[in-house]
Novice: 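Let me begin by handing over the structure; questions about it come next.
In what follows, every chain begins at residue 1, and chains take the letters A, B, ... in the order their sequences are listed.
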Amino acid sequence: MLKVDDINVYYGSIHAIQSVSFEIKEGEIVTLIGANGAGKSTILRTISGLLRSKTGEINFLDKNISVVEPDKIVKMGIAHVPEGRRVFKQFTVEENLEMGAYIHKSKSDIKEDIGKIYRRFPRLKERRRQTAGTLSGGEQQMLAIGRALMSRPKLLMLDEPSMGLAPMLVQQIFDIIKELNQSGTTILLVEQNARMALTIADRGYVLETGRMKLAATARELLADDSVKKSYLGG
Amino acid sequence: MTILNQIINGIQIGSIYALVALGYTMVYGIVKLINFAHGEIIMVGSYFTWYTMSRLGAPAWAAVLGAVVFCAVLGMVIEKVAYKPLRNYARISLLITAIGVSFFLQNAVQLIFKATPRMFQNIFPGSLKLGGMVFSMSAVVTIVVSVILMIGLSLLVKNTKIGKAMRAVSEDKDTAQLMGINVDHTISFTFGLGSGLAAIAAVLYCSSFYQIEPTMGSMLGLKAFVAAVLGGIGSISGAVLGGFVIGIAESLTKGYISSALADAIVFGILIVVLIIKPSGILGRPENEKV
Ligand SMILES: Nc1ncnc2c1ncn2[C@@H]1O[C@H](COP(=O)(O)OP(=O)(O)OP(=O)(O)O)[C@@H](O)[C@H]1O
Ligand SMILES: [Mg+2]
């Protein structure tokens with residue numbers, strides 16, 4: 001479904017992503033794990049078109065998207081829940097969801113989708129008229145995920161959805177990711193919480209200072225000694 | 001003149017400041033640029049209206065419509081040619097470019113139409129009697145048109161898809177793109193909208209001041225900029241409020257203290273407000289903006 005082939009991304013003179021390649025097949029949950037500053041967010045931002053690779057190609061559904069504008073990439077079916085949630089703080093909860101459906105025209109479809117999001121996240125329904133800036137961190141994360149779903153993505157990319165959340169909420173968010181996957185959405189999950197991510201993922205990639213170090217099934221990675229030592233707390 | 005007349009005068013010039021201030025504030029909100037060339041758009045709009053009416057004999061409505069379209073396109077072209085290539089560079093280079101564009105427009109108009117002031121015919125002649133008071137038609141038209149435009153603009157920004165896109169891009173450009181919003185189009189639209197409003201402000205200004213010259217945009221633009229900062233730059237209601245405050249203060253100073261002091265008072269108010277509340281009357285503190 002998504003094929004990233006030999007990308008190199010720079011911030012000025014910083015070579016943040018160095019010849020990275022990986023792929024995601026339809027229906028999978030793939031996780032990208034790595035320490036702070038490894039380049040995980042940079043990869044997602046490059047797939048979304050917010051950053052550009054100097055080399056290589058990114059193919060989505062057999063189309064080269066490495067020069068496509070970010071808004072067109074959303075239309076092609078990729079949604080990106082950015083690191084730190086980035087909800088529109090001055091918009092209400094419901095307006096945030098509407099923004100997620102910006103690429104869709106049909107008012108009735110949008111309404112129906114908002115209904116679905118509210119069924120999945122009843123908390124958001126209670127807070128629908130509140131501005132998003134007043135939500136708690138967990139609620140904002142739900143809103144960010146709900147907002148991304150409003151575009152009806154084929155591929156959902158999540159950047160550290162568990163960051164800063166209480167353990168119970170983390171569990172809830174991961175359950176939701178799993179459910180979304182079961183109902184047909186392909187998932188690319190970036191996490192520092194490697195154990196949780198590998199528990200729900202089919203496959204995983206390990207990124208170290210901008211380079212791909214390991215690629216294996218989630219089960220293999222959970223059993224791998226070096227992964228255990230570096231990312232699973234020994 | 002009675003105090004009520006002075007206040008009406010203040011509201012009249014204030015609504016012109018407000019229309020122009022809206023352009024400053026919307027552009028600042030979306031690209032964080034103080035668009036110093038914005039004042040020049042008023043000047044260009046005035047010359048356009050003057051030329052099409054006096055020289056080509058166009059009817060007023062056609063001249064105004066033409067000025068709005070011309071200025072909107074001009075605003076979008078300036079953004080595309082001068083500002084967009086610098087979007088990812090230090091903000092100071094953008095600011096210097098804006099000043100450059102401003103000089104460019106002034107000199108271009110001076111080259112084409114000479115530096116001598118041109119006289120404008122009265123577009124809205126006549127007056128209106130209301131409850132024993134007489135208002136000039138230009139004051140009535142100015143205030144009514146401005147208020148309608150301000151209400152229209154706030155509805156547009158609050159409720160329409162493009163308005164929401166403008167707010168989303170102002171708040172967080174990257175995330176707006178992740179929603180499928182085309183940031184380039186949205187910024188372009190904002191410049192067009194602001195410049196179109198400036199063109200209307202230009203016509204309203206000319207309808208009561210009758211005289212135009214290539215440098216007229218500087219002071220008018222500066223006052224409107226002061227209005228935008230006073231109200232809280234980035235805030236639409238702030239721009240409107242700032243415009244009225246500046247207009248009324250100016251008019252009352254001219255009427256009761258001295259014409260020479262009017263500008264000093266305007267800038268004095270700005271300084272005092274910024275000392276008390278640096279983000280302007282309705283502005284949010286900088287750290288809350290993003
Ligand atoms: N805007 C930027 N300008 C310069 N360098 C940057 C920028 N953003 C990221 N970097 C650098 O690029 C590298 C990769 O950053 P990135 O944010 O992709 O890491 P990450 O794996 O997502 O980290 P984290 O787990 O902390 O989110 C880091 O060394 C970082 O310092
Ligand atoms: Mg990151």
Novice: Check the surroundings of atom CG in A:Asp62: do more than 12 heavy atoms from other residues, nucleotides or ligands lie under 6.0 Å from it?
Specialist: no
Novice: Would a 4.5 Å heavy-atom cut-off, applied to side chains only, mark B:Leu178 and A:Leu50 as touching?
Specialist: yes
Novice: Crowded around B:Phe103 CZ? As in, over 12 foreign heavy atoms under 6.0 Å?
Specialist: no
Novice: Any chance you could lay out the side-chain contact (heavy atoms from CB on, under 4.5 Å) test for A:Phe88 and B:Arg167, step after step, and finish with the verdict?
Specialist: CA-CA 9 Å; A:Phe88 295 111; B:Arg167 279 156 59 207; over 6 Å; no
Novice: Compare all side-chain heavy atoms of B:Asp174 with those of A:Arg45 and state whether any distance is below 4.5 angstrom.
Specialist: yes
Novice: Less than 4.5 Å apart, side chain to side chain, heavy atoms only: is that true for A:Glu69 and B:Val183?
Specialist: no
Novice: Is any side-chain heavy atom of B:Ile181 closer than 4.5 Å to one of A:Asp71?
Specialist: no
Novice: Provide the closest heavy-atom pair for B:Thr175 versus A:Arg147 in the form atom of the first, atom of the second, distance.
Specialist: CG2-NH2, 3.4 Å
Novice: Can you name the nearest heavy-atom pair linking A:Ile103 to B:Gly180, along with the distance?
Specialist: CG2-CA, 3.8 Å
Novice: Sort A:Val87 into side chain, backbone, both or neither according to what part of it lies under 4.5 angstrom from a heavy atom of chain B.
Specialist: backbone
Novice: Does the side chain of A:Met150 come within less than 4.5 Å of B:Met179's, by heavy atoms?
Specialist: no
Novice: How about NZ on B:Lys80, more than 12 heavy atoms from neighbouring residues, nucleotides or ligands closer than 6.0 Å, or not?
Specialist: yes
Novice: Quick check: closest heavy atoms across B:Gln177 and A:Val74, and the distance to 0.1 Å?
Specialist: O-CG2, 3.6 Å
Novice: Give a yes or no on whether A:Tyr11 atom OH has more than 12 heavy-atom contacts from other residues, nucleotides or ligands under 6.0 Å away.
Specialist: yes
Novice: Please indicate whether A:Glu26 has more than 12 foreign heavy atoms, meaning atoms of other residues, nucleotides or ligands, lying under 6.0 Å from its CD.
Specialist: no
Novice: Within the 4.5 Å heavy-atom criterion, are B:Lys164 and A:Phe91 side-chain neighbours or not?
Specialist: yes
Novice: Taking A:Lys89's backbone N and O only, do any of them form a donor-acceptor pair with B:Glu171's side chain (distance below 3.5 Å, no angle check)?
Specialist: yes
Novice: Answer yes or no: does atom NZ of B:Lys161 have more than 12 heavy-atom neighbours from other residues, nucleotides or ligands under 6.0 Å?
Specialist: yes
Novice: Heavy-atom pairs under 4.5 Å with chain B are the metric here; pick the option from A:Lys75, A:Glu95, A:Met99, A:Lys72 that has the most.
Specialist: A:Met99
